[in-house]
Amino acid sequence: MMKWIDNLFSSRTFLKVFSLVLAFFLWFYVTGDSNTDVVRSYRLALQLRNVPSGVTIQLPSREVEVQVAANRFLASNIIPEKDIVCYVDLQGLEPGRHTLPVKISLSTGLQLITINPSTVDLRLETSAEKAIPVTPELPQLPDGYALRSVIVSPSQVIVRGTERDVKRITGAVVVPALADLLANETTSLKVMLEPQSQEWSNVTVIPDSVDFKAEVDIVKIKKEVPIFVPIDGEPHPDYIVTSILTTPGNVILEGSKVTLNGISSITTKSLNISGINEDMEAQLPISVPKGINVLGDKSVTVKVTLKQRIATMKYENLEIEIRGRGIYRNWNIDPTKVDVIIEGPPSIVSSLEGKEPAIVAYVDISNIVSRRLSIPVNLEVKVKEISVKKVDPDRVTFTVLD
């Protein structure tokens, strides 16, 4: 039995019969399915045909939704804008309100199912147009700028719409930003109709944009400010700077008001006074800020005046030397010691600390004949850079003892 079945399935006759049966079922399936209608929906633009001249159309919506049926093959190849055309015919209509049926044109093989809306309400109004000059509404310029000229091209536009709307239009404006004013370049601006509170969607503006260019000048003013000299370094430690004098002391600047408002003084190139121990004079250039012009000389004469520092040091209980030969054999002086305060440059005074006194105190008893006498304390300075500021006491008493 199994052998007979194997022979049947492998025979040429069986295979031919099976192929024919299979082909018949496939053909039946395809032809049967292609005859089944497919329904599809489309949202399409509504066309207006035979529009009367000299009118403007007020139409709330210009779209319709349609459903069409077609066999599966046609449905898959529909091009809506070509195969389905929706329109209303305005042939012979006068200005006023009208309700018109929506008509549809379908390609062969397509069947209309529904159309929504099936009618449309529209209004025809007498159209009008007029030329309106374009006025720029300019923003406030900041201080330091002045408007030289404004160019709007074209200088007027055509507005087109219903006679009623066109009559209500009072003007056309462009509103440039501050950046548009200061750019000094041509820019394209949208034209807006006035009053701007009104909706002008049914009005056509030709052109709807214009070229705008403004020429703005920077207003220059003059301002007098003091000159400041930056100082680098310090003078010799024994000196201090008492004055820095510039000639001239002030300078006149020219520039925009905005820039000059932020300038209260102006500087020169820095002056290096490191280690100087005498008055100094130099010619220095003025550092000119960007966008600013200096009227007059662009350099100044700078004179630096120094003053020597003074340091002090005190010698306490300095022994008084006796000089000269007296006529008396026994005598004394009172007191025998003094305090001395010296002064001089700090570097010299500090170098004397911890060393032998730079001052010698003495009295001269030569030619004293009185038995009791007040005599001055003399001082001998060993270092020429210092001087004696004070000696205490400045006199001693010479007394004969026998």
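- No donor-acceptor pair closer than 3.5 Å links the side chain of K382 to the backbone N or O of I359.
- Sorted by first and then second residue, the salt bridge (Lys or Arg N to Asp or Glu O under 4.0 Å) pairs with a member in residues 186-215 read R148-E215, K190-D208; sequence neighbours excluded.
- For P226 against S264, the heavy-atom pair with the smallest separation is CD-O, 3.4 Å.
- Side chains of T397 and D334: no donor on one and acceptor on the other come within 3.5 Å.
- Residues R323 and E321 are paired through a salt bridge, judged by an N-O separation under 4.0 Å between the basic side chain and the carboxylate.
- Contact detail for T56 and S127: the closest heavy-atom pair is OG1-CB, 3.0 Å.
- For the 3.5 Å distance criterion, the side chains of S243 and T305 qualify, holding a donor opposite an acceptor.
- The two atoms that bring Y315 and A358 nearest to each other are OH-N, 3.1 Å, heavy atoms only.
- Counting only residues at least two apart or on different chains, the salt bridge (Lys or Arg N to Asp or Glu O under 4.0 Å) pairs with a member in residues 238-255 are K222-E254.
- Closest heavy-atom contact between A172 and V157: CB-CG2, 4.1 Å.
- Among residues two or more places apart in sequence or in another chain, the ring pair (Phe, Tyr, Trp, His ring centres under 6.0 Å) test is passed with W331 by F398.
- Residue pairs meeting the salt bridge (Lys or Arg N to Asp or Glu O under 4.0 Å) criterion with at least one partner in residues 112-123, sequence neighbours excluded, are R123-E125.
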Identify all side-chain donor-acceptor contacts of residues 281-296 below 3.5 Å with residues at least two apart in sequence or on another chain.
residue, atom, partner, partner atom, Å
Q283, OE1, T301, OG1, 2.8
Q283, NE2, S299, OG, 3.4

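- The side chain to side chain contact (heavy atoms under 4.5 Å, CB included) test applied to R309 returns I240, P346, not counting sequence neighbours.
- In Q140, the CD atom is not crowded: 12 or fewer heavy atoms of neighbouring residues, nucleotides or ligands sit closer than 6.0 Å.
- For K314 and E316, the salt-bridge test passes: some basic side-chain N is under 4.0 Å from an acidic carboxylate O.
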